[in-house]
Protein chains: 2
Amino acid sequence: MTGTQSPAEATGPGPDHSTGPGGHPIRVLLAEDQSMVREALAALLGLEPDIEVVAQAARGDEVLAAARAHDVDVALLDIEMPGRTGIEAAAELRAALPELKVVVLTTFGRPGYLRSAMEAGAVAFLVKDAPAAQLADAVRRVLAGERVIDPTLAAAALAEGANPLTDREREILRAAADGATNAELAAALHLSQGTVRNYLSTAIQKLAARNRAEAVGIAREKGWL
Amino acid sequence: MTGTQSPAEATGPGPDHSTGPGGHPIRVLLAEDQSMVREALAALLGLEPDIEVVAQAARGDEVLAAARAHDVDVALLDIEMPGRTGIEAAAELRAALPELKVVVLTTFGRPGYLRSAMEAGAVAFLVKDAPAAQLADAVRRVLAGERVIDPTLAAAALAEGANPLTDREREILRAAADGATNAELAAALHLSQGTVRNYLSTAIQKLAARNRAEAVGIAREKGWL
DNA sequence: AGATCGTGGTGACAGATGTCATGCGGGAGG
DNA sequence: CCTCCCGCATGACATCTGTCACCACGATCT
């Protein structure tokens, strides 16, 4: 199925070839920090006659400007990016360009991510280990007004329930993630050591962990960090 | 801000690297667990007239069989894969098919990974946030007998020095990574609790960490885990 | 033969961590 | 109004963790 020609550059002068649903090719913004992956995805989408990658971003904080500059129909956002996460960028896009359809694309199918993405205004959520064909498919479907979400993940997200951690607990757990001691956490967050230990203790119990390290692992896995 | 210049393509008056050993297109095996990324990379390589992706693998333990079945010239291996890491798969390939050129491709430019990859017989080491053009380029160059390594990373790998941890220390640190307690580690590894603590203590000191959590983080970052 | 190193162990000790009871003040909601 | 919950704090207590000294065996190297 890789019998296509046209090695034209993705960001190059787009000749109007075959038409998409709206009459013009679908204009896509692709945001992903790893260039090799980003350009590979662009190549993949470039094989579709009705899709055109008109802009690329390597950082979350470049997304909004790029979307504005290129009159984009659909934005494909990776979550893990420097500058701003794809989720934050999605929220920004929704505020500034409500017409734009946002697809969140991620390595980790964490239920908490799905939840946050939907709350940030995304209309599709794809994991990178889904078949590649789903990517172009999702682009077309969101433009048609559909939402695209892996049903398994959706079920998992509902089953998990919401994040049980309070803001403070999450903040402290995040700060503790890289091995800081209680004293350092207390200093960094302007709290007493006892308070830090209390928050950590309740977080550990809420997550059914046996110590802070496991708590960090669980929270991370569920996308609650 | 990846200013990729020199998009020189194979049709130009360059060196004679437009075909594989027998005059046929270069036969490539692509191993990467995330289908979307794998198929996207395949699409990218498919744009090159002298390269053909003849086999794909989604798991490390499928690599050898796939390479054998398709008479492959170059194997492109991701490191993080289920079943077997790309590094382990590289060692396996060198033992079974010494002619085959192995390119290791990874998300994380950890010096320890580079070192392990080279020891496992890889002849090229690419990070996924390098420009996409380097991928096809590396494939051609390894087939021509060159080694392809990012000089910055090579310098970092030399500067880091070798992994200071003994086998046992690494094993215990790895087991401790997800929050197990000393008692659990002792039980799992058939050691006494005191021994576990001794090993952990020396590992913490070797890595200049302040506790096991930080030690795990440092070891992971350097690719020593 | 002696020195070194990795592995495995013990005992002791200080300090870090996790738990619990308890207190206070403020905001949200019945 | 009163209660519940969150943020913040303290003190006390038990356990876990990290460090240190010291021992023993086998392999390796000089």
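First the proteins, then the strands, lettered A, B, ... as listed; each starts at 1.
Side chain A/Asn198 to base C/dT22: no donor-acceptor pair is found below 3.5 Å.
Taking the side chain as every heavy atom from C-beta outward, B/Leu64 and B/Leu97 approach each other to under 4.5 Å. With contacts defined as side-chain heavy-atom distances shorter than 4.5 Å, the pair B/Ile51/B/Val74 does not qualify. By the 4.5 Å heavy-atom criterion applied to side chains, B/Asn163 and B/Arg115 are not counted as neighbours.
A/Arg168 and A/Glu171 are joined by a salt bridge, as a carboxylate oxygen and a charged side-chain nitrogen come within less than 4.0 angstrom of each other. Comment: B/Arg141 engages B/Glu146 in a salt bridge, judged by a side-chain N to carboxylate O separation of less than 4.0 angstrom. The pair B/Lys128-B/Asp78 meets the salt-bridge criterion, since a charged nitrogen lies less than 4.0 angstrom from a carboxylate oxygen. Of the charged side-chain nitrogens involved, at least one lies within less than 4.0 Å of a carboxylate oxygen, so that A/Lys206 and A/Glu169 count as a salt-bridged pair.
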**Request:** Given side-chain contact (heavy atoms from CB on, under 4.5 Å), test A/Asp150 with A/Leu126 step by step and report yes or no.
**Result:** CA-CA 7 Å; A/Asp150 180 354; A/Leu126 297 179; over 6 Å; no
**Item:** B/Asp33 and A/Asp129: CA distance, side-chain angles, deciding distance, side-chain contact (heavy atoms from CB on, under 4.5 Å) verdict
**Value:** CA-CA 7 Å; B/Asp33 60 330; A/Asp129 52 37; over 6 Å; no
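Distance check, rounded to the nearest 0.5 Å: CZ of B/Arg110 to CD of B/Glu160 gives 12.0 Å. The CG atom of A/Asn182 lies 11.0 Å from the CG atom of A/Leu191; values are rounded to the nearest 0.5 Å. In this structure, the separation between CD on A/Glu80 and CZ on A/Phe108 is 5.0 Å, given to the nearest 0.5 Å.
Whole-Å rounding puts the A/Arg212 CZ to C/dT19 P distance at 10 Å. Between the CG atom of A/Leu165 and the C1' atom of D/dC5 there is a distance of 15 Å, rounded to whole Å.
Only at 4.0 angstrom or more do the heavy atoms of residues 213-225 of chain B sit from any atom of DNA chain C, so none qualifies. For DNA chain C, the residues of residues 166-195 of chain A within the heavy-atom distance limit of 4.0 Å (strictly under) are A/Thr181, A/Asn182, sorted by number.
A/Ser116 places a side-chain N or O within 3.5 Å of a backbone atom of A/Gly112 that can act as its donor or acceptor partner. A donor-acceptor pair under 3.5 Å is formed between the side chain of B/Glu32 and the backbone N or O of B/Gln34.
Between the two ends of the helix from C/dA1-D/dT30 to C/dC24-D/dG7, each summarised by a five-pair axis, the helix axis turns through 40° (rounded to 10 degrees).
Within the 4.0 angstrom heavy-atom criterion, only backbone atoms of the sugar-phosphate kind lie near A/Asn211; the bases stay farther away. Within the nucleic acid shown, B/Arg210 has no heavy atom closer than 4.0 Å to any nucleic acid atom.
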Name the pairs: protein N/O against N/O of nucleotides 13-15 of chain D, kept only if under 3.5 Å.
none

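In this view, B/Glu92 and B/Arg84 satisfy the side-chain hydrogen bond (donor to acceptor under 3.5 Å, both in side chains) rule, not counting sequence neighbours.
OP1 and OP2 of C/dT7 both lie 4.0 Å or more from every side-chain N or O belonging to B/Tyr199.
Of the listed residues (B/Val28, B/Val53, B/Leu105), just one forms a side chain to side chain contact (heavy atoms under 4.5 Å, CB included) with B/Leu41, and that residue is B/Leu105.
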**Request:** For each nucleotide in nucleotides 24-30 of chain C, reading 5' to 3', give B when a protein heavy atom comes within less than 4.0 Å of its base, S when such contact involves only the sugar-phosphate, and - otherwise.
**Result:** -------
